[in-house]
**Student:** 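Below are the structure tokens for one structure; questions will follow.
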Amino acid sequence: MQRTLVKDAHNSTEPRDSILLQGWVRTRRDSKTFSFVELNDGSCLKGMQIIVQNTLPDYEALMHKAGTGASISVGGKLVASQGAGQKWEVLADTFEIIGEADASYPLQKKGHTLEFLREIAHLRPRSNLFGAVFRVRSRLAYAIHQFFQERGYFYVHTPVITASDCEGAGEMFRVSTLDADKPPRAEDGSVDFARDFFERQSFLTVSGQLEAETFACALSNVYTFGPTFRAENSNTSRHAAEFWMIEPESAFLDLFGNMDLAESFVKHLVADAREHCAADLEFFGKFVDKGLNARLDFVMQRPFQRCSYTEAIEILEKSGRKWEHPVKWGDNMQSEHERFLAEEHFKCPVTVYDYPKTLKPFYMRVNDDGKTVRAMDVLVPGIGEIIGGSQREERLDVLRENMAAHGLAEKDYWWYLDLRKYGTVPHSGFGMGFERMLMFVTGVANIRDVIPFARTPGSADF
RNA sequence: UGCCCGGUAGCUCAGUGGCAGAGCAGGUGACUGUUAAUCACUUGGUCGCUGGUUCAAUCCCAGCCCGGGCAGCCA
């Protein structure tokens with residue numbers, strides 16, 4: 001007989017004489033003449049209640065083995081439940097233990113801390129919370145492709161190993177096949193990377209942006225969606241050394257069009273999760289973040305606020321707040337400032353744009369004032385920056401000046417400069433941290449809990 | 001990287017300079033269409049590691065290790 005997923009069994013419109021369910025025991029409650037076994041197969045949050053009568057052969061031995069964590073295969077009838085907690089339940093005709101789980105099985109019926117569950121990252125997807133998180137993660141990954149594909153964007157696979165540094169994006173992990181103990185040396189004593197695998201220094205990518213720009217300047221609208229790496233020693237709940245990023249790049253689009261795209265993108269993802277992961281989101285609202293539903297409502301209903309960096313600084317100066325880090329024009333906005341804008345002043349996602357040129361990388365388009373660039377950051381309540389983007393500098397002469405000002409050698413970026421040399425166009429793009437978006441949608445507060453196997457400084461288990 | 005908090009049973013935690021505690025989990029039994037079932041009994045300990053102070057350290061001190069929070073950097 002073919003296996004039915006618990007999710008589909010719950011969606012059944014009528015009883016079934018014969019059904020096969022396979023999954024893992026979450027909990028068992030014994031009676032004198034029968035046992036309740038809750039079977040979960042991960043297809044949805046809810047498990048299926050199995051009724052096992054003591055008339056089944058080997059009943060005692062079977063139930064003894066069917067503890068929390070054991071894998072089982074159950075054949076029986078899908079019938080309307082007599083109990084109040086569920087519509088359907090299964091009366092078992094056959095009950096087979098596939099794999100036992102003894103008393104050392106670490107997941108219990110009762111609550112665990114997230115810190116403990118991180119230590120058993122290989123088992124935590126079997127918990128309610130992490131099952132829900134990773135179902136939502138899967139769904140949103142799908143929704144990302146859907147959003148862009150429906151708008152005529154092409155999916156570009158930018159390289160994971162790169163020799164170019166997307167300047168400003170942070171420290172990089174070196175990729176090398178040289179002997180770490182005895183690397184070849186050049187005459188001046190430095191490591192001779194000309195004898196490395198790629199015959200030059202190479203790294204894991206920090207961003208696919210520069211490569212995506214080349215494709216936007218050919219296919220018009222493209223996006224990347226893949227892993228990126230930062231070797232920063234960042235120890236916060238919002239940073240990981242390996243994370244996934246979505247980077248759309250659009251030709252003939254200015255900064256404000258870019259903001260429109262970012263806003264509809266965020267709204268699409270929230271709406272999609274709500275439509276397709278309703279039970280999981282309800283769970284988050286109940287057990288993870290009581291304010292989640294209200295916050296998501298807010299995001300869906302209101303247009304994102306927009307204010308220039310200069311206006312934002314004025315708002316912060318006039319707020320009457322005492323800041324741990326004083327604010328003045330020309331300084332980076334700190335977490336406390338971003339949080340104030342999104343959480344207290346505007347009380348919704350805010351797009352801040354036109355940042356001082358000195359704070360931003362070389363590729364951002366310089367405004368007519370000569371002091372600011374066409375950069376934008378989308379700040380959301382609770383998370384902070386979820387999107388960073390810009391209109392790119394399409395004027396060859398200005399780009400060269402910026403590179404010189406940043407101390408960058410033109411020969412290292414010859415192909416990037418070619419995009420401006422041959423048929424240059426105004427274009428814009430942004431990067432969204434996938435995990436940060438997941439944190440926003442699920443209410444989960446730590447980035448380590450929305451990525452299957454987190455890589456953070458000092459930690460790369462599993 | 002800096003500042004702060006923590007590490008005691010499988011899990012969540014309390015506690016004390018003088019015999020190591022609870023709830024849950026596990027085990028045994030009872031009871032029951034239960035649903036984080038309930039009730040009774042019960043097994044279970046390198047009190048993170050190393051050193052110091054002390055008659056005596058899980059407790060006080062120092063160093064180290066590990067986890068977490070916040071900040072910086074950023075997505």
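Labels below follow one simple rule: chain letters A, B, ... track the order of the sequence lines, proteins then strands, and each chain is numbered from 1.
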**Student:** Looking at the side chain of N332(A), which of U1(B), C74(B), U35(B) is the nearest nucleotide?
**Tutor:**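 Nearest listed nucleotide: C74(B).
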**Student:** Remember a base hit wins even if backbone is also touched, and classify N446(A) as base, sugar-phosphate or nothing at under 4.0 Å, heavy atoms.
**Tutor:**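 Here N446(A) touches the backbone only, sparing every base.
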**Student:** Once hydrogens and angles are ignored, does a donor-acceptor distance under 3.5 Å link the base of U34(B) to the side chain of D30(A)?
**Tutor:**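 Under the 3.5 Å cut-off, the side chain and the base do not form any donor-acceptor pair.
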**Student:** Can you tell me whether the side chain of H112(A) and the base of C11(B) have a donor-acceptor pair closer than 3.5 Å?
**Tutor:**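 Counting by modelled atom types and ignoring angles, no donor-acceptor contact under 3.5 Å is found here.
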**Student:** Taking the minimum atom-to-atom distance to the side chain of A103(A), which one of C73(B), G26(B), U34(B) wins?
**Tutor:**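 Given the options C73(B), G26(B), U34(B), the side chain of A103(A) is closest to G26(B).
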**Student:** Ignoring the backbone of H64(A), work out which of G33(B), A37(B), U28(B) is nearest its side chain.
**Tutor:**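 Of all the options, the side chain of H64(A) is nearest to U28(B).
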**Student:** Using the C1' atom in both, what is the distance from U50(B) to C55(B), to the nearest Å?
**Tutor:**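 These two C1' atoms come out 23 Å apart once rounded.
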**Student:** Mapping E38(A) and F434(A) onto RNA chain B by nearest heavy atom, which one lands closer to the 5' end?
**Tutor:**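 Nearest nucleotide further toward 5': that of E38(A).
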**Student:** Looking at T236(A), I'd like to know whether one of its side-chain N or O atoms comes within less than 4.0 Å of OP1 or OP2 on C73(B).
**Tutor:**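 Checking T236(A) against C73(B): no side-chain N or O falls below 4.0 Å of OP1 or OP2.
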**Student:** Can R124(A) and D449(A) be counted as an ion pair, charged N to O under 4.0 angstrom?
**Tutor:**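 Result for this pair is yes, salt bridge flagged.
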**Student:** Report yes if a donor N or O on one partner sits less than 3.5 Å from an acceptor N or O on the other, where the partners are the side chain of S234(A) and the base of C73(B); otherwise report no.
**Tutor:**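 Such a pair is found, so the answer is yes.
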**Student:** Heavy atoms from C-beta onward define the side chain here; which of G33(B), A71(B), U12(B) lies closest to that of F36(A)?
**Tutor:**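 Nearest listed nucleotide: G33(B).
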**Student:** Does G2(B) have OP1 or OP2 under 4.0 Å away from a side-chain N or O of N233(A)?
**Tutor:**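 The answer is no; no side-chain N or O of N233(A) sits under 4.0 Å from OP1 or OP2.
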**Student:** What's G431(A) touching, base or sugar-phosphate or nothing? Going by heavy atoms closer than 4.0 Å.
**Tutor:**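 Contact class for G431(A): sugar-phosphate only.
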**Student:** Among the nucleotides G33(B), C70(B), C74(B), which one has an atom lying closest to any side-chain atom of E89(A)?
**Tutor:**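 Looking only at side-chain atoms, E89(A) lies closest to G33(B).
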**Student:** Between E394(A) and R365(A) (salt bridge meaning N to carboxylate O under 4.0 Å), is one present in this structure?
**Tutor:**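 Yes, this pair counts.
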**Student:** Does S31(A) place a side-chain N or O at less than 4.0 Å from the phosphate oxygens OP1/OP2 of G33(B)?
**Tutor:**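 So the side chain of S31(A) is outside the cut-off, no N or O lying under 4.0 Å from OP1 or OP2 of G33(B).
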**Student:** Nearest to the side chain of R230(A), which nucleotide is it out of G68(B), A75(B), C70(B)?
**Tutor:**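 Closest nucleotide to the R230(A) side chain: A75(B).
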**Student:** Could you measure between the two C1' atoms, the one in G27(B) and the one in C66(B), and give it in whole Å?
**Tutor:**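 Each nucleotide's C1' atom is 32 Å from the other's.
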**Student:** What's the closest nucleotide to the R29(A) side chain, out of U35(B), G68(B), G72(B)?
**Tutor:**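 Closest nucleotide to the R29(A) side chain: U35(B).
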**Student:** Once hydrogens and angles are ignored, does a donor-acceptor distance under 3.5 Å link the base of A75(B) to the side chain of R238(A)?
**Tutor:**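 There is none.
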**Student:** Salt bridge (Lys or Arg N to Asp or Glu O under 4.0 Å) between E435(A) and R137(A): does it pass, once the steps are laid out?
**Tutor:** CA-CA 9 Å; E435(A) 285 76 17; R137(A) 187 178 170 112; 3.0 Å; yes
**Student:** State whether D280(A) and K46(A) are salt-bridged, where the test is any N-O pair (Lys NZ or Arg NE/NH1/NH2 against Asp/Glu carboxylate O) under 4.0 Å.
**Tutor:**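 Salt bridge: no.
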**Student:** Is there a donor on the side chain of R436(A) or the base of C74(B) sitting less than 3.5 Å from an acceptor on the other?
**Tutor:**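 It does, because a donor-acceptor pair links the side chain of R436(A) to the base of C74(B) below 3.5 Å.
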**Student:** Kindly determine whether F434(A) and I451(A) satisfy side-chain contact (heavy atoms from CB on, under 4.5 Å), including the steps that lead there.
**Tutor:** CA-CA 9 Å; F434(A) 186 39; I451(A) 192 161; over 6 Å; no
**Student:** Between the side-chain atoms of E115(A) and the base atoms of U12(B), is any donor-acceptor pair under 3.5 Å?
**Tutor:**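 For E115(A), whose side chain was compared with the base of U12(B), there is no donor-acceptor pair (under 3.5 Å).
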**Student:** If the condition is side chain to side chain contact (heavy atoms under 4.5 Å, CB included), which residues does F148(A) pass it with, not counting sequence neighbours?
**Tutor:**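 F148(A) satisfies side chain to side chain contact (heavy atoms under 4.5 Å, CB included) with I144(A), Y153(A), Y223(A), I246(A), P248(A), L261(A), F265(A) only.
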**Student:** Would one find a side-chain N or O of S237(A) under 4.0 angstrom from OP1 or OP2 of C70(B)?
**Tutor:**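 Affirmative; the distance criterion is met.
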**Student:** Scan E385(A) against the nucleic acid and name what it touches under 4.0 Å (heavy atoms): base, sugar-phosphate only, or nothing.
**Tutor:**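 Sugar-phosphate, backbone atoms only, no base.
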**Student:** Between U35(B) and R28(A), is there an OP1 or OP2 to side-chain N/O distance shorter than 4.0 Å?
**Tutor:**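 Answer no for this pair, as no side-chain N or O of R28(A) is under 4.0 Å from OP1 or OP2.
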**Student:** Atom OH of Y105(A) to atom P of G27(B): distance rounded to whole Å?
**Tutor:**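 So the two atoms are 15 Å apart, to the nearest Å.
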**Student:** If the P atom of U46(B) is compared with that of C59(B), how far apart are they to the nearest Å?
**Tutor:**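 Rounded to whole Å, the distance is 16 Å.
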**Student:** Are OP1 or OP2 of G68(B) and a side-chain N or O of R118(A) less than 4.0 angstrom apart?
**Tutor:**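 Yes, within the criterion.
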**Student:** So what does R26(A) hit on the nucleic acid, given a heavy-atom distance under 4.0 Å: a base, only sugar-phosphate, or nothing?
**Tutor:**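 Answer is nothing: R26(A) stays at 4.0 Å or more from every strand.
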**Student:** Take F34(A) and T113(A), find for each the nucleotide of RNA chain B with the closest heavy atom, and name the residue whose nucleotide sits nearer the 5' end.
**Tutor:**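 Its nearest nucleotide lies further toward 5', so the answer is T113(A).
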**Student:** For C61(B), measure the glycosidic angle (O4'-C1'-N9-C4 for a purine, O4'-C1'-N1-C2 for a pyrimidine) and name it syn if it falls within 90° of 0, otherwise anti.
**Tutor:**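 C61(B): anti glycosidic orientation.
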**Student:** Testing W244(A), Y155(A), F147(A) for ring-ring contact (aromatic ring centres under 6.0 Å, His included) with F225(A), which one passes?
**Tutor:**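 Among the candidates, only W244(A) passes.
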**Student:** Using a distance-only criterion (donor-acceptor N/O pair, under 3.5 Å, no hydrogens), is the base of G72(B) paired with the side chain of E324(A)?
**Tutor:**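 Not at all, since no donor on one side and acceptor on the other fall under 3.5 Å apart.
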**Student:** What contact category does T228(A) fall into here, base, sugar-phosphate, or nothing, at under 4.0 angstrom with non-hydrogen atoms?
**Tutor:**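 Answer is nothing: T228(A) stays at 4.0 Å or more from every strand.
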**Student:** Which part of the nucleic acid, if any, lies within reach of F243(A) when heavy atoms closer than 4.0 Å are counted: base, sugar-phosphate only, or nothing?
**Tutor:**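 F243(A): base contact, heavy atoms under 4.0 Å.
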**Student:** Does the side chain of P15(A) come within less than 4.5 Å of W88(A)'s, by heavy atoms?
**Tutor:**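 Yes - at least one pair of side-chain heavy atoms lies under 4.5 Å apart.
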**Student:** Considering only A37(B), G72(B), G10(B), which nucleotide approaches the side chain of Q108(A) most closely?
**Tutor:**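 Of the candidates, G10(B) comes closest.
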**Student:** Between C31(B) and K32(A), is there an OP1 or OP2 to side-chain N/O distance shorter than 4.0 Å?
**Tutor:**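 Indeed, a polar side-chain atom of K32(A) lies that close.
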**Student:** Short question: side chain of N40(A), backbone of L45(A) - any donor-acceptor pair under 3.5 Å?
**Tutor:**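 Between the backbone of L45(A) and the side chain of N40(A) there is a qualifying donor-acceptor contact (under 3.5 Å).
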**Student:** Go through Y363(A) and E213(A) one step at a time and tell me if the side chain to side chain donor-acceptor pair (under 3.5 Å) criterion holds.
**Tutor:** CA-CA 11 Å; Y363(A) 51 72; E213(A) 283 185 52; over 6 Å; no
**Student:** Given G68(B), C73(B), U1(B), identify the nucleotide with an atom nearest to the side chain of Q334(A).
**Tutor:**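 Ranking G68(B), C73(B), U1(B) by closest atom to the Q334(A) side chain puts C73(B) first.
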**Student:** Write down the distance separating the C1' atoms in A9(B) and G44(B), rounded off to the nearest Å.
**Tutor:**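 Those two atoms are separated by 6 Å.
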**Student:** Which ranges of RNA chain B pair up as stems, where a stem means three or more consecutive Watson-Crick or G-U pairs with both distances under 3.5 Å?
**Tutor:**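 Looking at RNA chain B, the stems formed by three or more consecutive pairs are B:1-7 with B:65-71, B:10-13 with B:21-24, B:26-30 with B:38-42, B:48-52 with B:60-64.
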**Student:** Need one value for I386(A): base, sugar-phosphate or nothing, where a base atom within 4.0 Å counts as base even if backbone is also close, heavy atoms only.
**Tutor:**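 Since only primed, P, OP1 and OP2 atoms lie under 4.0 Å of I386(A), the category is sugar-phosphate.
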**Student:** Roughly how far apart, to the nearest Å, are A14(B) and G48(B) at atom P?
**Tutor:**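 After rounding to an integer number of Å, I get 13 Å for this pair.
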**Student:** Is E343(A) salt-bridged to K347(A), cutoff N-O under 4.0 Å?
**Tutor:**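 No.
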